[in-house]
2 protein chains.
Amino acid sequence: MKQYNNRIEIVLEVIGGKWKTHILYYLTKGPIRTGELKRLVTGISQKMLTVQLKELERDGLITRKTYDQVPPKVEYALTEYGESLKEVLKVLCDWGGDYLKHRYPNGEVTVRNSDDEIGIQ
Amino acid sequence: MKQYNNRIEIVLEVIGGKWKTHILYYLTKGPIRTGELKRLVTGISQKMLTVQLKELERDGLITRKTYDQVPPKVEYALTEYGESLKEVLKVLCDWGGDYLKHRYPNGEVTVRNSDDEIGIQ
DNA sequence: CGGGATCCTTGGCGATACTG
DNA sequence: CAGTATCGCCAAGGATCCCG
């Protein structure tokens, strides 16, 4: 039987890793196709994108909708429960931004999507 | 020059990894000695504890205070800025708890410190 | 266009022993 | 009591090729 040390570990297991937050970042803005994600998530490979999306789907945070057509079209979107992640991501995003300014006031460290925001409706 | 994809990655780099949240968890309750941490953070080795604490100190989240005596006494505490992490940890903690109940309502997955809370003053 | 399979590299982490 | 040094594992992630 699986056991965590604390509740935070659960979140980190769900949104942790190298790509999850970057993917979720775009998903908070609305449904999105695989190719679009691949284009936006800088540097991710086809394989890693698929792997991460499957995990997010397995964890009940996103849905995968396939359109029966050629060429294939697949669209991903946050589930209703996944939507609850938005406020969490926003808090993390805000603190990260503050921390950045606090630690590196002269811009030694930068963020690609620095002027972008988690999509809160 | 270092560059992140988004601000969330910054947070995850600071509190991520296998032990950081578990350590911070106890630090939110007040200053604490090395040995006490080692006792509370179930399963951590002496080495990993030291490594994680050094990283947290390097990142400006905790302070290390040594008392000049034999046997040695070292006490760690959140910095003023580190205190700002509390609300972030609380949000993560809360979401993790919700997610646990939502995904595993029958207790297939459990948390050791489930009835404990992040120390908010 | 979207996904799967295979092979390989790397660094986070563990185990152990030693020091002041 | 607190910290350091060394060795080694393994799973996350990367590169590449193949499929409907």
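This one's a predicted model, so the numbers in the text were calculated from it and none came from an experiment. Letters A, B, ... mirror the listed sequences (proteins, then strands); counts begin at 1.
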A.B. asks: Ignoring hydrogens and angles, tell me if any N or O in the side chain of Thr79(B) forms a donor-acceptor pair with the backbone of Gly60(B) under 3.5 Å.
C.D. replies: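 At least one qualifying donor-acceptor pair exists.
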A.B. asks: To the nearest Å, give me how far apart CG (Leu49(B)) and C1' (dT16(C)) are.
C.D. replies: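 Spelled out: CG on Leu49(B) to C1' on dT16(C) is 17 Å.
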A.B. asks: With sequence neighbours excluded, what pairs up with Glu57(B) under the salt bridge (Lys or Arg N to Asp or Glu O under 4.0 Å) test?
C.D. replies: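 Expected list: none.
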A.B. asks: For the residue pair Tyr26(A) / Glu36(A), report whether a side-chain donor-acceptor contact shorter than 3.5 Å exists.
C.D. replies: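 Result is no, nothing qualifies.
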A.B. asks: Hey, does the side chain of Arg33(A) come within less than 4.0 Å of dG2(C)'s phosphate (OP1/OP2), counting only N and O?
C.D. replies: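 Looking at the OP1 and OP2 atoms of dG2(C), one of them is under 4.0 Å from a side-chain N or O of Arg33(A).
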A.B. asks: Output yes when at least one side-chain N/O atom of Lys54(A) is less than 4.0 Å from OP1 or OP2 of dG3(C), else no.
C.D. replies: no
A.B. asks: For DNA chain D, note the earliest and the latest nucleotide, 5' to 3', having some atom under 4.0 Å of a heavy atom belonging to chain A.
C.D. replies: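 Reading along DNA chain D, I get dG13(D) to dG20(D).
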A.B. asks: In this structure, how many angstroms lie between the P atom of dG12(C) and the NZ atom of Lys18(A), rounded?
C.D. replies: 12 Å
A.B. asks: For DNA chain D, what residues of residues 57-75 of chain A have any heavy atom nearer than 4.0 Å?
C.D. replies: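 The answer is Pro72(A).
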A.B. asks: Please answer whether the main-chain N or O of Leu61(A) pairs with a side-chain N or O of Asp59(A) as donor and acceptor at a distance below 3.5 Å.
C.D. replies: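 Not confirmed, Asp59(A) side chain does not pair with Leu61(A) backbone.
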A.B. asks: To the nearest 10 degrees, what angle separates the axes at the start and end of the helix from dC1(C)-dG20(D) to dG20(C)-dC1(D), five pairs each?
C.D. replies: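 It comes to 40° between the two terminal axes.
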A.B. asks: Under a 4.0 Å heavy-atom cut-off, which of residues 38-48 of chain B touch DNA chain D?
C.D. replies: Gln46(B), Lys47(B)
A.B. asks: Salt bridge (Lys or Arg N to Asp or Glu O under 4.0 Å) with Glu75(A): which residues, sequence neighbours excluded?
C.D. replies: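 With sequence neighbours excluded, Glu75(A) shows a salt bridge (Lys or Arg N to Asp or Glu O under 4.0 Å) to no residue whatsoever.
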